[in-house]
*Asks:* 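Encoded as structure tokens, here's the structure I'll be asking about.
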Amino acid sequence: MEKTKNKIMVSVLMFVYNHEKYLREAIESVLCQDTEFSYEVIIHDDASTDGSAGIIEEYAVRFPERIVPILQKENQMQKGISITDKFMMPAVRGKYIAYCEGDDYWLRKDKLQKQVDFLEQHEAYAAVTHNCRVVDGCGRTKKPVKKFFPYKKPYTYTLKDLILEDRMPGQTATVMYRRRYYSDMKPAEKSAYERIRYCVGDRRRTLLILLNGPVYCMNEEMSAYRYITSYGESWNARVYGKNLAGRYYVQEMDFRKFARDYHGVRLRNDYVLFGTGIMSVIRFLKKPDKENKRQLELVLKEHESPFRFSLFLLSVFPGALLALVIRTFRKVKSV
């Protein structure tokens with residue numbers, strides 16, 4: 001594979017908001033990659049109130065051929081704007097897309113090369129991920145996070161896994177996928193994709209990837225995920241302990257419609273829909289406060305009335321029960 005400065009093979013997307021404490025480690029871990037190809041690092045700062053923007057500007061001056069800074073003066077996420085769709089994807093030039101958020105970091109210098117080599121040699125796969133080390137704010141190793149698979153051996157992850165497990169094939173900093181799945185969408189499909197009311201952006205992206213093919217999951221630890229729930233500006237810290245059942249529910253309803261309308265796929269995400277639907281009701285009944293009421297209203301609005309919502313729950317119950325049986329069997333088998 002000939003290395004050229006003109007052809008970008010990988011675009012690394014880095015999302016930053018008040019990550020001053022960790023940002024240099026994240027950027028350095030990406031810049032130190034040993035590759036046979038050229039890659040770019042697109043860093044978006046969402047109007048941080050600390051010194052993050054200054055660090056990004058410093059690296060952009062030092063590495064103008066590699067760093068692409070996008071610095072906001074007003075916070076875009078608070079406006080409900082998708083940073084990925086509006087600002088980062090239009091700037092992408094690479095054949096493949098990888099990620100490293102501003103508080104995570106990569107562990108191995110050959111990470112990008114290994115992932116590109118795999119996708120170049122296996123056209124049938126839509127993406128490739130790997131294991132990650134979970135660390136705290138000080139970089140100390142923690143237990144694996146349940147929402148991501150700790151692979152003991154290589155695994156091929158399909159749409160069925162996403163539906164059954166409600167977990168993703170890899171943490172954000174482990175993912176590499178083919179850019180064309182996003183850039184080659186026709187205007188109507190791209191518009192529908194961008195209108196999905198997603199609660200978790202990683203899950204929306206994973207859905208798009210899996211609608212185009214399976215994901216190969218390497219059993220190699222090549223990145224670190226900083227998992228912080230008690231303080232800071234991370235997603236986990238901001239949503240920890242909050243009721244998001246309604247938001248998850250409408251996300252999954254939009255996923256179902258998108259898969260059907262643009263890929264001809266009947267997405268049987270019955271388990272997730274039944275679980276989040278029931279959870280929105282239970283949490284409101286236990287504590288009918290403003291937030292729990294709002295989450296339940298999101299669910300009921302999808303069906304226009306409690307009666308129609310009840311009918312829908314009955315319709316997905318068999319699929320949810322089957323998924324529960326399969327999940328239980330998998331857990332027993334893995335013990």
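We count residues from 1, following the sequence as given.
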*Asks:* Using 4.0 Å as the upper bound for N to carboxylate O, is an ion pair formed by Glu297 and Arg294?
*Replies:* no
*Asks:* I'd like to know if the side chain of Glu40 and the backbone of Ile8 have a donor-acceptor N/O pair within less than 3.5 Å.
*Replies:* no
*Asks:* Among all residues two or more places apart in sequence or in another chain, which pass the salt bridge (charged side-chain N to carboxylate O under 4.0 Å, His left out) test with Lys73?
*Replies:* none
*Asks:* Is a donor on one side and an acceptor on the other found under 3.5 Å between the side chain of Thr129 and the backbone of Pro169?
*Replies:* yes
*Asks:* Just wondering, are more than 12 heavy atoms of other shown residues or ligands nearer than 6.0 Å to NZ in Lys143?
*Replies:* no
*Asks:* Does a donor on one side chain and an acceptor on the other come within less than 3.5 Å for Lys111 and His130?
*Replies:* yes
*Asks:* Can you find a side-chain donor-acceptor pair between Gln113 and Thr35 that sits under 3.5 Å?
*Replies:* no
*Asks:* Run the side chain to side chain contact (heavy atoms under 4.5 Å, CB included) test against Asp202 and tell me which residues pass, sequence neighbours left out.
*Replies:* Met168, Thr172, Val200, Arg205
*Asks:* Under a 4.0 Å threshold between the charged nitrogen and the carboxylate oxygen, would Arg197 count as salt-bridged to Asp254?
*Replies:* yes
*Asks:* Are the side chain of Glu28 and the backbone of Ala26 linked by a donor-acceptor contact shorter than 3.5 Å?
*Replies:* no
*Asks:* What are the two closest non-hydrogen atoms of Leu273 and Leu313, and how far apart are they?
*Replies:* O-CD2, 4.5 Å
*Asks:* With sequence neighbours left out, write down each residue that passes ring-ring contact (aromatic ring centres under 6.0 Å, His included) with Tyr177, or none if nothing qualifies.
*Replies:* none
*Asks:* Is there a path of hydrophobic side-chain contacts, each under 4.5 Å between heavy atoms of I/L/V/M/F/W/Y residues, joining Leu208 to Val175?
*Replies:* yes
*Asks:* Taking it one step at a time, do Lys95 and Leu119 satisfy side chain to side chain contact (heavy atoms under 4.5 Å, CB included)?
*Replies:* CA-CA 11 Å; Lys95 180 178 180 181; Leu119 290 175; over 6 Å; no
*Asks:* Taking the side chain as every heavy atom from C-beta outward, state whether Ile56 and Leu23 have any pair of such atoms under 4.5 Å apart.
*Replies:* yes
*Asks:* Can you list every pair that meets ring pair (Phe, Tyr, Trp, His ring centres under 6.0 Å) and has a residue in residues 61-107, with sequence neighbours left out?
*Replies:* His44-Phe87
*Asks:* Linking I/L/V/M/F/W/Y whenever their side-chain heavy atoms sit closer than 4.5 Å, directly or via other members, would Ile43 and Leu31 fall into one cluster?
*Replies:* yes
*Asks:* Give a yes or no answer on whether the side chain of Asp103 reaches the backbone of His19 with a donor-acceptor pair at less than 3.5 Å.
*Replies:* no
*Asks:* If the condition is side-chain hydrogen bond (donor to acceptor under 3.5 Å, both in side chains), which residues does Gln78 pass it with, not counting sequence neighbours?
*Replies:* none
*Asks:* Any donor-acceptor pair under 3.5 Å linking the side chain of Glu304 with the backbone of Leu300?
*Replies:* no
*Asks:* Between Asn269 and Glu252, is any side-chain donor less than 3.5 angstrom from a side-chain acceptor?
*Replies:* yes
*Asks:* Quick one: salt bridge (charged side-chain N to carboxylate O under 4.0 Å, His left out) partners of Arg266, sequence neighbours excluded?
*Replies:* none
*Asks:* Looking at Arg204 and Glu194, is there a salt bridge between them, counting it only when a charged N and a carboxylate O are closer than 4.0 Å?
*Replies:* no
*Asks:* Mind jotting down which residue pairs meet the ring pair (Phe, Tyr, Trp, His ring centres under 6.0 Å) criterion with at least one end in residues 284-303? Sequence neighbours excluded, please.
*Replies:* Tyr249-His303, His303-Phe309, His303-Phe312
*Asks:* For residues 196-224, pull every pair meeting ring pair (Phe, Tyr, Trp, His ring centres under 6.0 Å), keeping only residues two or more places apart or in separate chains.
*Replies:* Phe118-Tyr216, Tyr125-Tyr216
*Asks:* Any donor-acceptor pair under 3.5 Å linking the side chain of Ser223 with the backbone of Cys132?
*Replies:* no
*Asks:* Quick check: are there more than 12 heavy atoms from other residues, nucleotides or ligands sitting under 6.0 Å from CD of Gln121?
*Replies:* yes
*Asks:* Same hydrophobic cluster for Ile326 and Phe329, using side-chain heavy-atom links shorter than 4.5 Å among ILVMFWY?
*Replies:* no
*Asks:* Following the transitive rule for hydrophobic clusters with a side-chain heavy-atom cut-off under 4.5 Å over Ile, Leu, Val, Met, Phe, Trp and Tyr, establish whether Tyr193 and Phe255 coincide in one cluster.
*Replies:* yes
*Asks:* Excluding sequence neighbours, so at least two apart, what forms salt bridge (charged side-chain N to carboxylate O under 4.0 Å, His left out) with Arg24?
*Replies:* Glu58
*Asks:* Work out which heavy atom in Tyr271 is nearest to a heavy atom in Ala320; give both atom names and the distance.
*Replies:* CD1-O, 3.5 Å
*Asks:* Which pair of non-hydrogen atoms, one from Thr174 and one from Asn131, has the smallest distance, and what is that distance?
*Replies:* CG2-O, 4.2 Å
*Asks:* Please write out which residues are connected to Val61 in a hydrophobic cluster, directly or through intermediates, given that two of Ile, Leu, Val, Met, Phe, Trp, Tyr count as joined at side-chain heavy-atom separations below 4.5 angstrom.
*Replies:* none
*Asks:* Mark yes or no for whether Asn292, through its side chain, and Arg283, through its backbone, hold a donor-acceptor pair below 3.5 Å.
*Replies:* yes
*Asks:* Are Tyr151 and Val134 connected in the hydrophobic side-chain network, where two residues link if heavy atoms are under 4.5 Å apart?
*Replies:* yes
*Asks:* According to side chain to side chain contact (heavy atoms under 4.5 Å, CB included), who are the partners of Thr84, at least two apart in sequence or on a separate chain?
*Replies:* Phe15, Ser82, Met89
*Asks:* On a heavy-atom basis, which atom in Ala126 and which in Ile209 lie closest, and how many Å separate them?
*Replies:* CB-O, 3.5 Å
*Asks:* Listed by chain and number, what are the ring-ring contact (aromatic ring centres under 6.0 Å, His included) partners of Tyr181, not counting sequence neighbours?
*Replies:* none
